Amino acid sequence: MSNPMQGVKIKLTGGYVIHMEMCGEISRECNDAVLKAYHTILKMMREGEVKGIEEVVPTYTALTVFYDPRKTTWRAVSNTLKEVISESSRRSFGDVFTPKQYEIPVAYGGVWGPDLVSVASEAGLTEDEVIRVHTSRSYRCYMLGFTPGFLYLGEVDERIAVPRLKNPRVKVPAGSVGIAGLQTGVYGIESPGGWRIIGRTPLKMFDPRRVPPTPIRPGDLVRFFEVGEEEFRELKEVFIGEFKTR
Amino acid sequence: MSLRHGEVLVEEAFLATIQDMGRFGHRAKGIPVSGALDRVSAAYANVLVGNPSTAPVIEAVGGRIKLRFLGGAVVSVTGGVSEVSVNGVKVPMWEPLLVEGGSTLEVRGVEKGLTVYVGVSGGFTVEPVLGSASTYVRGGFGGLGRYLRRGDALQFLRVNHVKIFRNVEGLTAPKEVVNRIAFPSSPQTIRVTKGIHSSLFCNDFDIFLNSRYVVTTRSDRMGFRLEGPRLGSASSAGKIPSIATDRGYVQVPPDGEPIVLMSDAQTTGGYAVIAHVIPPDADLLAQCPPGTEVRFTEVQHEEAEEIVKKYLESLMNPPVDFEFPFSWGEVPPEEILRFR
């Protein structure tokens, strides 16, 4: 069996951060490895098997561990991470984590999706075709971040994989659904943003007053379905954690 | 009067928020840590009024705030050097102050440093969001969910402030803590470790260490933008996948001018990270107003680990000095008596 640490780079910074890069480029396999390690280490933390690890953040290609130097050292944490990798690499994704599927209603185009027109014309499709392509598959949540509850989802059909806006918008409303290359995403809160906005979900995707503020975890699956104006109004502000598709 | 005990009215406030030591454990959901920009000063604002160092305090970037206490309290003002008064009478920073109900505390803006903290006995009682009182203005949650403004009424825990004052009277922060801000070195030296992408920067990492940078006005709680030699090699490194980020990460966007992420740092970012300002020095940077020159010096991770360990220990249990409020035999100055 090959060495599971092969290709894994461990970087130490700041005196309390260990950044474990699983591979150099974004791919489904790489994210599989990251999320297997992530869910393995979370389980170990829940079971009290690791000491001094405060927080773990998965991204597309890396796992970042914030540790408390009062309780542990980089050497001990690195050894734990090596164990995590060798343990998780032996197992399949489904063995480590059981993804939940979330159905998200989206009103496409118009005021909700000002970039649908340009996405369609660049893709050489009609707006309806873009919507059909976008709603035709379920996406993996690779990671959450930069702002609260922002979902990085992938990968979209290559036909609608259009680049970001040249000039990002100052304000993108919460719930906006966008495309950036092969990624699609949902804005959890209002923020600046450069993704091409094709629609908006009426659901409240992020609520800091709930624990957890979003139920969606890295590794879960998301599928979009189209709703009209009336349904949009009916579903306005329904928390994603309480939304059940009929 | 006793009914209003534990209440304070905001009469003036500028870039002021409620902060504590941060909101941890939710970064994988995209939720920033937030918390005080200068955690050392925030910790002292608390211990000087008898609180645990992690209690919520007011942070005022620029140090302009005016508060009216409806009931008595022990208060303290720490951080950037400012003129502070109670009912118009000048009072010292970094010391417990006993104020009577109806008193007005005013901080008139920083003369040195940048951020000012106001602690109150019992601590400000705001509803914690995900375990923290820290305000994240961009997300509209924590603290009051926004900057404080005139007319806001803040509550703090009702405690026996006179008894607390007896316990903390005469306490002050050690000189080296106060002097970080009162007598800043110029340029201010900020310690960094290598960042996650240091190796992508080739010679630029040496340029970064051997140059002076200036803090610009394009700085806020999310990040301090610096001006100085451009670090161009990062943009030639090609597209790099987004990574988890933190306070102290020094990002270099395509324009080549570094940004040091601060308390409201986004949780992930796609810019190359050249260096990582270690936590006590992120506190120092938080006291560098626009125009301040900074230079960076490298420490190794092992050394940084030891520094962070001591830093966290002292944040949780800040060492204090004790000074008699007045010399033995001397009649206490009138100003001190007024606040009894």
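Given the structure is predicted, the values throughout are model-derived calculations rather than measurements. Heavy-atom basis, side chains included; hydrogens, waters and symmetry copies ignored.
- If you tally non-hydrogen atom pairs under 4.5 Å between each of Val277(B), Leu130(B), Val299(B), Ile278(B) and chain A, the highest count goes to Leu130(B).
- Scanning both residues, Gly14(A) and Val308(B), for their nearest heavy atoms gives O-CG2, 3.5 Å.
- Chosen from Pro218(A), Pro69(A), Gly24(A), Pro212(A), the residue pairing most often with chain B at heavy-atom distances under 4.5 Å is Pro69(A).
- Separating the CD1 atom in Ile18(A) from the CD1 atom in Ile196(B) is a distance of 11.0 Å, to the nearest 0.5 Å.
- Neither the backbone nor the side chain of Met222(B) comes within contact range of chain A, judged by heavy atoms closer than 4.5 Å.
- Contacts between Leu63(A) and chain B at a heavy-atom distance below 4.5 Å are absent for every atom of the residue.
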Show the pairs of one donor and one acceptor atom, one from chain B and one from chain A, lying under 3.5 Å apart.
residue: Gly25(B); atom: N; partner: Glu55(A); partner atom: OE1; Å: 2.9
residue: Gly25(B); atom: N; partner: Glu55(A); partner atom: OE2; Å: 3.0
residue: His26(B); atom: N; partner: Glu55(A); partner atom: OE2; Å: 3.0
residue: Arg27(B); atom: N; partner: Glu55(A); partner atom: OE2; Å: 2.8
residue: Arg27(B); atom: NE; partner: Glu55(A); partner atom: OE1; Å: 3.2
residue: Arg27(B); atom: NE; partner: Glu55(A); partner atom: OE2; Å: 3.4
residue: Arg27(B); atom: NH2; partner: Glu55(A); partner atom: OE1; Å: 3.2
residue: Lys29(B); atom: O; partner: Gly149(A); partner atom: N; Å: 2.8
residue: Lys29(B); atom: NZ; partner: Thr214(A); partner atom: O; Å: 2.9
residue: Lys29(B); atom: NZ; partner: Ile216(A); partner atom: O; Å: 3.1
residue: Thr193(B); atom: OG1; partner: Gly14(A); partner atom: N; Å: 2.8
residue: Ile196(B); atom: O; partner: Lys11(A); partner atom: NZ; Å: 3.0
residue: Asp246(B); atom: OD2; partner: Tyr16(A); partner atom: OH; Å: 2.6
residue: Thr267(B); atom: N; partner: Phe146(A); partner atom: O; Å: 3.4
residue: Thr268(B); atom: OG1; partner: Phe146(A); partner atom: N; Å: 3.0
residue: His276(B); atom: ND1; partner: Thr13(A); partner atom: OG1; Å: 2.7
residue: His276(B); atom: ND1; partner: Gly14(A); partner atom: N; Å: 3.4
residue: His276(B); atom: NE2; partner: Tyr16(A); partner atom: OH; Å: 3.0
residue: His301(B); atom: ND1; partner: Thr13(A); partner atom: N; Å: 3.4
residue: His301(B); atom: ND1; partner: Gly15(A); partner atom: N; Å: 3.2
residue: His301(B); atom: NE2; partner: Tyr67(A); partner atom: OH; Å: 2.8
residue: Glu305(B); atom: OE2; partner: Tyr67(A); partner atom: OH; Å: 2.4
residue: Glu305(B); atom: OE2; partner: Trp74(A); partner atom: N; Å: 2.7

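- Residues meeting the ring-ring contact (aromatic ring centres under 6.0 Å, His included) test with Phe205(B), sequence neighbours left out: none.
- Pro32(B) and Pro148(A) make their closest contact through CD-CG, 3.9 Å (heavy atoms, listed as atom of the first residue, atom of the second, distance).
- In this structure, the portion of Val56(A) lying under 4.5 Å from any heavy atom of chain B is its backbone and not its side chain.
- Heavy atoms of Ile189(A) lying under 4.5 Å from chain B belong exclusively to its side chain.
- Of all heavy-atom pairs spanning Ala28(B) and Val57(A), the tightest one is N-CG2, 4.1 Å.
- For Ile307(B), no part lies under 4.5 angstrom from a heavy atom of chain A.
- In this structure, no portion of Pro192(A) lies under 4.5 Å from any heavy atom of chain B.
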